[in-house]
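First the structure, in the form of structure tokens, and then the observations on it.
Sequence lines set the chain letters: A, B, ... in the order given, protein chains first and strands last, and positions in each chain run from 1.
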Amino acid sequence: MQLSREQLLQAYRRMATIRAFEERLHDVIATGEVAGFTHLYCGQEAVAVGVCEHLDTEDKIVSTHRGHGHCLAKGCDVQGMMKEIWGSTEGLCKGKGGSMHIADVDKGMLGANGIVGAGAPIAVGAALSNKLDGEGRVAIAFSGDGACNQGTTFEAMNMAVVTNAPCIFVFENNHYSEHTGDDYAVGTANDIASRAEAFGMRVWRADGCDFFAVYETMRELLEYVRAGNGPAAVEFDTERFYGHFEGDPQNYRGDGELDRIRKERDCLQIFRQRVSEAGLLETDALDELDKAAHADVEAAVEAARAAPRPTAEDVLTDVYVTY
Amino acid sequence: MQLSREQLLQAYRRMATIRAFEERLHDVIATGEVAGFTHLYCGQEAVAVGVCEHLDTEDKIVSTHRGHGHCLAKGCDVQGMMKEIWGSTEGLCKGKGGSMHIADVDKGMLGANGIVGAGAPIAVGAALSNKLDGEGRVAIAFSGDGACNQGTTFEAMNMAVVTNAPCIFVFENNHYSEHTGDDYAVGTANDIASRAEAFGMRVWRADGCDFFAVYETMRELLEYVRAGNGPAAVEFDTERFYGHFEGDPQNYRGDGELDRIRKERDCLQIFRQRVSEAGLLETDALDELDKAAHADVEAAVEAARAAPRPTAEDVLTDVYVTY
Amino acid sequence: MAEMMYRDAVRETIREEMARDESVVVLGEDVVGGMGTAGGPEAIGGIWSTSTGLFEQFGASRVIDTPISESAIVGTAGGLALSGKRPVAELMFADFIGVSLDQLWNQIGKFRYMFGGKTRCPAVIRMAYGGGYNAAAQHSQCVHQILTGMPGLKVVMPSTPEDVRGLLRTAIRGDDPVMFLEHKALYGVSGEVPEGDYTIPFGHARQVTAGEDVTVVATGMMVGVAEAAAERMAEDGIGVDLLDLRTTSPMDEEAILDSVEVTGRLVIVDEAPPRCNLATDIAALVARKAFSSLRAPVEMVTAPHSPVPFALELEQAYLPSDDQVEAAVRKTLDYR
Amino acid sequence: MAEMMYRDAVRETIREEMARDESVVVLGEDVVGGMGTAGGPEAIGGIWSTSTGLFEQFGASRVIDTPISESAIVGTAGGLALSGKRPVAELMFADFIGVSLDQLWNQIGKFRYMFGGKTRCPAVIRMAYGGGYNAAAQHSQCVHQILTGMPGLKVVMPSTPEDVRGLLRTAIRGDDPVMFLEHKALYGVSGEVPEGDYTIPFGHARQVTAGEDVTVVATGMMVGVAEAAAERMAEDGIGVDLLDLRTTSPMDEEAILDSVEVTGRLVIVDEAPPRCNLATDIAALVARKAFSSLRAPVEMVTAPHSPVPFALELEQAYLPSDDQVEAAVRKTLDYR
Ligand SMILES: Cc1ncc(C[n+]2csc(CCOP(=O)(O)OP(=O)(O)O)c2C)c(N)n1
Ligand SMILES: Cc1ncc(C[n+]2csc(CCOP(=O)(O)OP(=O)(O)O)c2C)c(N)n1
Ligand SMILES: [Mg+2]
Ligand SMILES: [Mg+2]
């Protein structure tokens with residue numbers, strides 16, 4: 001099915017925002033201005049946006065250590081996120097969580113997660129909650145090719161099948177877990193999707209660098225899951241433009257690999273090409289969105305720099321609801 | 001390949017010993033003479049023996065909470081086991097482990113295990129040790145249909161594939177994990193073996209109530225693994241004659257189910273039938289072995305009853321090698 | 001007042017809370033039993049019989065039988081709780097926190113904090129702990145010493161059916177993750193239970209016996225052990241102020257300090273091994289905050305630094321006994 | 001004496017032990033790095049650079065890169081150790097004991113006991129712990145308070161490159177499972193390291209500064225924090241007997257008790273949150289066994305009862321500081 005002009009613009013705008021957000025962080029982190037461990041999502045924007053454009057607030061997602069893209073795609077506030085990464089009390093998590101723990105439960109974003117594989121079981125719970133409420137809502141667990149080897153991920157898939165939970169396992173295969181290739185670490189007869197399939201789920205596979213492939217795949221998949229057919233899984237072939245963490249020298253990359261994926265596998269460029277070729281959007285309109293995204297991000301950085309800082313008294317609040 | 005008369009006699013003798021051991025325990029536990037949680041292996045004898053008859057001491061096995069059969073098949077001493085179950089200092093584990101923790105590392109038996117799914121990773125380590133030593137030895141993880149849902153089991157399979165460990169995952173599908181059916185708890189497109197297969201292992205399937213099917217399957221499988229082809233898995237369809245634990249009322253069984261499996265799926269009877277029909281062994285010879293097995297077990301019970309008991313001083317020994 | 005068994009107190013309280021609030025959901029291994037079998041569901045209702053009949057009454061969507069996947073059980077509870085439900089999950093044996101600790105410690109215990117106080121995670125995780133069944137090293141352990149140290153978790157250890165009801169209501173209705181530790185040797189114990197919908201707040205110790213000679217602090221199964229010793233010593237005119245903490249996080253520090261201020265002597269009974277456990281926690285509290293009241297060395301009666309052994313004689317020697325409590329009390333009283 | 005960085009001390013000791021004994025095997029995530037990539041193996045050698053070059057020197061069968069499967073990593077180490085090998089496994093972050101606790105606690109820690117003393121499990125599990133990197137609630141924690149309480153495990157917390165070498169040799173050559181806790185903020189710290197193949201026995205504290213006014217006990221990163229305070233106070237004539245425990249299981253009880261006997265005053269510094277931690281363990285030890293020497297309330301300087309927060313200001317406030325140590329020392333000295 002065709003996306004409307006408005007939908008196309010919104011999708012691109014979101015992807016552009018993620019890109020701008022991450023590239024800005026890349027620069028800022030190099031200066032030492034921002035502390036903590038930060039993992040950039042650049043290169044995978046089409047997955048987060050292609051998935052989340054189908055969701056509303058009641059649909060839940062659970063994310064990973066590489067969570068900025070998922071957060072932004074699910075509608076988390078750019079300034080709230082930037083302030084969180086800066087550690088301000090005005091951050092989405094009051095500066096207590098930081099990059100690896102950004103969450104906005106009211107938006108259906110149940111948290112980035114510093115523990116690889118920990119999100120999948122949580123997504124099953126969110127899915128079962130939605131099933132109880134009976135409105136056809138789903139929950140989505142984003143996992144990497146590395147996370148697909150963690151026991152919790154398998155347990156969650158089996159649990160979802162057994163409980164017929166409307167849970168969707170989105171595997172973003174960017175071919176690396178930290179410094180290790182998926183060819184080495186993912187034992188499989190075929191691919192990640194085939195491992196999920198062996199649990200009795202229906203699975204899909206698509207090019208994660210092509211927004212339209214992601215979007216169409218998810219449309220089909222979501223129709224299946226929302227209809228009460230139980231869980232499903234999908235594997236997206238995608239690319240990670242930066243290192244595992246900021247500062248990673250990436251010696252494990254092949255010669256010219258980064259240049260090649262930047263050139264051939266950039267989901268924003270591919271989107272532009274598609275909509276231009278099909279005469280759906282003009283370059284000018286897209287450029288405008290890029291500019292707007294950059295402006296938003298720049299404003300967020302300025303706001304984060306000026307935002308109030310926590311004090312020692314804040315350490316002991318928010319541990320419990322009732323003490 | 002044909003088994004020799006001697007091999008046939010030994011295999012039956014081992015199965016008969018397990019049967020006699022378990023049935024004797026069943027009676028004794030009902031009287032309250034033996035304490036602790038005991039899970040009987042009756043009905044599955046052909047698996048333990050059909051697997052372990054191929055192994056020697058340097059091949060390792062790792063077992064489960066339902067471990068008596070694996071122990072006996074791997075050559076653990078009948079009296080040492082019985083004394084352990086009675087909690088004597090002459091028990092295989094000096095009365096410190098009991099039924100769920102019987103081990104005899106010198107025999108390549110790395111322990112029963114009270115934690116479902118915990119054995120599989122340990123088997124990978126034992127397999128890698130054997131691989132390092134380069135003698136073509138293997139390690140075997142026994143797991144149930146319930147254990148196949150525990151995250152550790154999946155992690156172990158993947159780890160074995162990635163490290164090309166000579167590790168064999170033997171799934172004994174007795175169709176129940178405690179009081180729950182495998183139809184409910186094992187989410188799968190096909191069967192347990194197919195889930196293992198999705199990790200890129202070669203898998204086999206066979207009737208676990210037929211010693212000859214188990215034995216032949218394992219011959220083929222072991223040839224494959226000993227040749228350095230990496231890990232493999234096998235699913236045996238088998239039956240549990242008693243409850244999950246002693247005292248289980250088994251209300252979850254269908255009408256006549258226990259009678260049927262006792263009648264049609266008794267691996268000892270099937271063995272007898274096969275060797276009689278083929279004219280390989282005479283009923284008398286088999287009866288003799290049954291008798292001998294019972295005598296051994298009876299002697300073990302008498303010995304266990306008379307064996308020395310631990311004292312309070314023993315509690316704090318064996319925690320460390322060096323204090 | 002009605003007589004009720006500890007296990008029944010657990011189950012009936014869950015049943016009432018499920019009836020009262022449809023967001024309460026039960027999950028765990030064999031909490032139904034018989035799923036996927038010819039004998040059909042509801043064959044067991046939990047191996048401790050703490051969920052018998054709930055499936056029949058509330059159906060499969062609210063009583064969820066799970067595969068053997070403890071990490072996924074706790075994680076699923078976490079996801080339900082973040083989504084507005086009130087899951088009551090069963091881990092069967094407390095020892096299984098080993099295979100699910102991340103979800104307890106790093107996930108449900110920290111969501112609220114990591115998310116800046118903007119969410120609630122009202123998950124109750126029930127588990128049977130403790131020794132006495134010759135169940136050996138992997139089915140007999142205490143875990144309160146591990147969980148109490150984890151910020152974000154609350155830890156409850158009821159010792160009577162009455163407390164089960166009051167504390168479990170508080171746990172299910174509260175908005176924080178609660179580790180509800182049921183001692184397996186108490187399931188069959190009966191006790192008087194008040195009528196009505198009472199709750200017991202966390203962080204309030206119960207005075208089991210009153211006395212001014214020595215303070216004894218215990219939890220769970222150890223309360224009965226200490227009470228037996230106290231009753232015997234009462235005949236000799238020794239007055240034991242025996243406190244049942246009921247919850248270890250939060251803990252009623254005031255009750256302990258107030259008591260030690262009067263008695264000047266402290267014996268702590270803890271079923272866990274001796275290192276970094278609740279006994280050391282309480283000893284430290286008193287050594288810090290009631291030092292000037294203390295008139296004798298603190299005494300601890302704990303399990304030894306070993307795994308739980310199997311054999312009858314070994315486990316008996318392993319578990320703290322009333323004799324040991326009495327000896328510790330007499331020792332502290334003899335100190336001048 | 002040569003100058004050596006903490007991280008290099010770890011790696012070079014492992015290298016020497018691997019050369020010395022071919023049963024020593026290294027495993028963990030990215031301990032090689034670059035496996036299955038176009039850039040080839042050995043791209044990283046462990047994210048802490050504690051295994052760089054080992055793969056090249058000893059090959060894939062003794063330097064085993066693993067998938068992200070911590071339970072399987074520890075379990076594999078356990079199986080190797082039961083089979084006569086000496087695995088040195090890396091958990092990367094200590095926080096990942098959450099996903100592997102069963103294998104640590106219920107498996108490798110108990111094999112020997114459960115099997116009646118008839119086996120050995122010489123597995124060394126290394127992990128980076130502690131705060132200071134704004135790595136927030138799941139990558140900054142202490143775990144010694146959890147592991148020390150577990151019978152069967154030994155727990156080592158070196159604070160200097162010299163101790164890394166001596167203690168790691170003892171760990172690898174010993175026959176018990178050892179939790180080797182490396183503080184991530186110490187990896188880049190240099191120190192003098194003696195030549196030669198020395199070992200340091202477990203259970204022997206190191207006296208960092210001598211003094212007769214107050215006993216201060218610390219481990220790992222906290223040793224430096226306490227030392228800074230002690231040096232400052234020395235200028236005011238306050239004599240601090242600062243003990244670095246080096247290992248918490250076994251623990252050098254004698255050194256602590258002997259010191260308190262002289263000073264009568266005790267301050268314990270622990271980076272872990274305050275409940276059921278090592279500070280309470282030591283406070284309890286002294287309240288039990290050195291009560292008559294104690295002249296003031298025990299003081300504890302610990303992290304608060306909260307998860308580790310992210311923001312700079314919050315983490316700074318969270319971590320015990322030299323100012324807090326100094327205040328605690330002065331408080332105990334002021335007590336009459
Ligand atoms: C349980 C656990 N183990 C290890 C890590 C360290 N770690 C963080 S990210 C990562 C790689 C994850 O790879 P993948 O799932 O492919 O996600 P990607 O980084 O490619 O987005 C690892 C090993 C962790 N955070 N948690
Ligand atoms: C981690 C863990 N979870 C739950 C249990 C309780 N338990 C013991 S045996 C068992 C069922 C195991 O089923 P299966 O693997 O099929 O083995 P079987 O009993 O049929 O031999 C369960 C749930 C346990 N011991 N360990
Ligand atoms: Mg990846
Ligand atoms: Mg089974």
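- Interface residue B:Asn113: backbone and side-chain heavy atoms are both found under 4.5 Å from chain C.
- Looking at C:Glu42, there are no atoms closer than 4.5 Å to chain B (heavy atoms on both sides), in backbone or side chain.
- Closest of all the heavy-atom pairs between C:Ala135 and B:Met100 is O-CE, 3.8 Å.
- With a threshold of 4.5 angstrom between heavy atoms, B:Phe245 does not approach chain C through any atom at all.
- Taking every heavy atom of both residues into account, B:His101 and C:Ala136 meet most closely at CD2-CB, 3.6 Å.
- The number of heavy-atom neighbours closer than 6.0 Å to CD of B:Glu302, taken from other residues, nucleotides and ligands shown, is above 12.
- Annotation for B:Arg309 and C:Ala311: closest pair NH2-CB, 4.3 Å, computed over non-hydrogen atoms.
- Neither the backbone nor the side chain of B:Thr38 comes within contact range of chain C; no heavy atoms are under 4.5 Å apart.
- Using modelled atom types and a 3.5 Å distance limit, the side chains of B:Asn149 and C:Ser69 yield no donor-acceptor pair.
- Of the listed residues B:Cys93, B:Ala312, B:Gly146, the one with more heavy-atom pairs under 4.5 angstrom with chain C than any other is B:Gly146.
- Partner B:His179 forms a side-chain contact (heavy atoms from CB on, under 4.5 Å) with one of C:Thr37, C:Asp30, C:Val32 and no other, that one being C:Asp30.
- Listed options B:Arg253, B:Glu178, B:His175 were ranked by heavy-atom pairs under 4.5 angstrom with chain C; first place goes to B:Glu178.
- Between chain C and the options B:Asp182, B:Asp183, B:Leu316, the largest number of non-hydrogen pairs under 4.5 Å is found for B:Leu316.
- Heavy-atom pairs under 4.5 Å with chain C were tallied for B:Lys96, B:Glu313, B:Lys94; the largest tally goes to B:Lys96.
- Per-residue counts of heavy-atom pairs under 4.5 Å with chain B were compared for C:Pro67, C:Ser71, C:Ala137, C:Pro41; the largest is that of C:Pro67.
- Per-residue heavy-atom pair counts under 4.5 Å with chain B were compared for C:Ala317, C:Ser306, C:Pro309, and the maximum is reached by C:Ser306.
- Contact count versus chain C (heavy atoms, under 4.5 Å) is highest, among B:Thr180, B:Ile85, B:Asn251, for B:Thr180.
- Between C:Phe310 and B:Glu84, the closest heavy-atom pair is CE2-O, 3.3 Å.
- Within 6.0 Å of CD in C:Gln316 there are 12 or fewer heavy atoms belonging to other residues, nucleotides or ligands.
- Interatomic distance, B:Ile115 CD1 to C:Gln138 CD, rounded to the nearest 0.5 Å: 4.5 Å.
- With respect to chain B, the highest number of heavy-atom pairs below 4.5 Å among C:Glu315, C:Glu29, C:Met92 belongs to C:Met92.
- Using bins of under 30°, 30° to 60° and over 60° for the plane-to-plane angle, the ring pair B:Tyr320/C:His305 lands in the parallel bin.
- Note: C:Ile68 leads C:Ile68, C:Ile44, C:Val99, C:Asn134 in heavy-atom pairs under 4.5 Å with chain B.
- Across C:Leu314 and B:Val315, no two heavy atoms sit closer than the pair O-CG2, 3.6 Å.
- Atom CG of B:Asp255 sits in a sparse spot, with 12 or fewer heavy atoms from other residues, nucleotides or ligands closer than 6.0 Å.
- Of the atoms belonging to B:Glu257, it is side-chain heavy atoms, and not backbone ones, that fall under 4.5 Å from chain C.
- Ranked by heavy-atom pairs under 4.5 Å with chain B, the first of C:Asp65, C:Ile47, C:Thr66 is C:Asp65.
- For the atom pair OG of B:Ser88 and CD of C:Glu313, the computed distance is 9.0 Å after rounding to the nearest 0.5 Å.
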